[in-house]
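The figures here come from the full heavy-atom set of this structure, side chains too, leaving out hydrogens, waters and symmetry mates.
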Amino acid sequence: MSFLDTRHKKKSFTLTTLLLSVLLLLLFYIGMTYMDPPIENGIAINFGTMDFGSGKVQPKEKVRSEPKKVEPKPVEQVQEQVVPKQTAPEEPVEKVLTSENEETIKINQQKEAKRKADEAAKKAKAEAERVAREKKEAENRKRQEQEAKKKSLDALIGGIGKSDGTTTGSEGDDNRAGDKGNPDGDPYATSYYGSPGSGSGTGGYGLNGRSLVSKGKVQQECNEDGRVVVRIVVDRNGKVIQATPGVKGTTNNAPCLLEPARKTAFLHKWNLDSKAPSQQTGFVVVNFKLGQ
């Protein structure tokens with residue numbers, strides 16, 4: 001008869017072996033503890049360096065001994081009623097001073113280090129405040145100088161400094177400095193009047209820094225009246241390469257007016273300028289009237 005002849009016996013044998021191994025390991029590492037050497041028995045005696053003392057503060061070092069007080073001895077009176085003389089008390093024993101212990105020296109060193117650190121921090125703070133104050137004063141001086149220059153310039157050019165803008169520059173066709181135009185206008189336009197004219201033909205055009213060389217007009221195929229503003233893009237050669245009719249300022253968006261206005265814009269030609277942007281934006285205004 002075999003000892004482990006079934007699967008269940010084999011499984012039970014394996015589990016039992018594992019459990020016994022774990023139990024032996026636990027008994028080996030976890031057991032009764034013992035002291036080596038064993039704890040000595042007896043009575044604990046308080047630490048001290050003298051045969052007397054009082055109080056509840058336990059010194060950690062040897063304490064200074066106090067001077068002994070010597071009581072004066074009385075002098076016997078003489079029968080002749082002589083004034084009794086008292087013997088002078090003995091000089092007190094000088095106190096035996098001990099040198100500062102290590103703990104006191106350490107405390108003093110810590111205090112000195114803290115004092116130096118506080119002084120260094122105060123100096124650094126004072127220096128930072130001085131630098132910040134000088135920087136602020138320099139900024140104030142610079143601002144005051146700029147304001148003084150601005151006021152002087154305003155006085156010379158007649159009050160342009162009243163503008164609340166933040167940039168600088170001057171553009172226009174007058175003899176006074178400033179940025180002439182309308183806040184809702186096109187920065188590339190060269191027309192300064194409030195709205196383009198209402199006459200027939202091309203009522204207005206603009207391309208900043210460029211002069212018009214030639215222009216033309218394409219007639220409408222319907223009988224409409226109105227103004228069409230065309231935004232144009234011009235290259236360095238002065239040729240219109242892009243035209244968008246019906247932008248802001250247009251009064252009639254009829255398709256029969258937009259297309260001839262776009263074709264009219266392509267007929268415009270500006271002067272050649274090698275220093276101009278590769279694509280410069282401007283405008284052309286085309287006015288249409290009934291019967292034309």
Side-chain angles (χ1 to χ4, degrees), residues 150 153-154 156-292:
K150 184 178 179 182
L153 182 62
D154 289 347
L156 291 175
I157 65 178
I160 192 172
K162 296 178 181 179
S163 173
D164 57 355
T166 58
T167 187
T168 58
S170 182
E171 192 273 333
D173 56 1
D174 296 329
N175 58 357
R176 296 172 60 184
D179 187 11
K180 186 175 180 180
N182 191 300
D184 297 327
D186 192 322
Y188 296 99
T190 58
S191 177
Y192 303 107
Y193 48 80
S195 60
S198 59
S200 62
T202 54
Y205 55 87
L207 192 65
N208 194 15
R210 310 283 288 275
S211 60
L212 185 66
V213 176
S214 62
K215 64 179 180 178
K217 183 180 179 182
V218 177
Q219 298 295 328
Q220 61 171 321
E221 297 179 357
C222 57
N223 191 17
E224 292 284 345
D225 178 78
R227 179 177 64 246
V228 179
V229 181
V230 185
R231 180 184 292 110
I232 59 173
V233 178
V234 182
D235 60 12
R236 291 192 178 98
N237 296 323
K239 181 180 179 182
V240 178
I241 59 176
Q242 184 179 346
T244 306
V247 298
K248 185 176 181 180
T250 301
T251 61
N252 192 338
N253 286 306
C256 62
L257 298 183
L258 296 180
E259 184 60 24
R262 187 182 70 85
K263 292 180 180 179
T264 298
F266 278 107
L267 297 177
H268 286 63
K269 180 75 174 179
W270 274 264
N271 66 307
L272 185 148
D273 189 353
S274 60
K275 296 181 179 180
S278 60
Q279 293 186 356
Q280 187 175 2
T281 304
F283 71 92
V284 170
V285 180
V286 183
N287 293 302
F288 296 96
K289 296 185 70 176
L290 296 174
Q292 294 182 355

Quiz item: So, the side chain of Gln280 versus the backbone of Leu207: is there a donor-acceptor pair under 3.5 Å, distance only?
Solution: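 It does not hold such a pair.
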
Quiz item: Are any side-chain N or O atoms of Thr251 and backbone N or O atoms of Arg227, one a donor and one an acceptor, separated by less than 3.5 Å?
Solution: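 Answer holds: yes.
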
Identify the two heavy atoms, one from [X] and one from [Y], that lie closest to each other, and give their separation to 0.1 Å.
{"X": "Val218", "Y": "Pro260", "value": "O-CB, 3.6 Å"}
{"X": "Ala265", "Y": "Val230", "value": "CB-CG1, 3.8 Å"}
{"X": "Lys289", "Y": "Gln220", "value": "O-NE2, 3.1 Å"}
{"X": "Leu257", "Y": "Glu224", "value": "CD1-CB, 3.6 Å"}
{"X": "Thr244", "Y": "Val247", "value": "O-CG1, 3.5 Å"}
{"X": "Val213", "Y": "Trp270", "value": "CG2-C, 3.5 Å"}

Practice problem: Report yes if the side chains of Leu267 and Lys217 come closer than 4.5 Å at any heavy-atom pair, otherwise no. | Solution: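 No, their side chains stay 4.5 Å or more apart.
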
Quiz item: Does any non-hydrogen side-chain atom of Ile232 lie less than 4.5 Å from one of Phe266?
Solution: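 Phe266 does not reach Ile232 side chain to side chain.
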
Quiz item: To the nearest 0.5 Å, what is the distance between CG (Asn271) and CZ (Arg236)?
Solution: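 Reported to 0.5 Å precision, the distance equals 13.5 Å.
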
Quiz item: How long is the span from the CG atom in Asn237 to the OG atom in Ser274, to the nearest 0.5 Å?
Solution: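 Spacing of CG (Asn237) from OG (Ser274) equals 10.0 Å.
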
Quiz item: What pairs with Leu258 under side chain to side chain contact (heavy atoms under 4.5 Å, CB included), at least two apart in sequence or on another chain?
Solution: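 Checked Leu258 against side chain to side chain contact (heavy atoms under 4.5 Å, CB included); matches are Val228, Pro245, Asn253.
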
Quiz prompt | For Ile241, side chain to side chain contact (heavy atoms under 4.5 Å, CB included) partners two or more places apart | solution =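 So Ile241 forms a side chain to side chain contact (heavy atoms under 4.5 Å, CB included) with Val233, Asp235, Gln279.
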
Practice problem: Go through the steps to decide whether Thr281 and Arg231 satisfy the test side chain to side chain contact (heavy atoms under 4.5 Å, CB included), and finish with yes or no. | Solution: CA-CA 7 Å; Thr281 304; Arg231 180 184 292 110; 3.8 Å; yes

Quiz item: With sequence neighbours left out, which residue pairs that include part of residues 261-273 fulfil the salt bridge (charged side-chain N to carboxylate O under 4.0 Å, His left out) condition?
Solution: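 Listed by first then second residue: Glu259-Arg262.
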
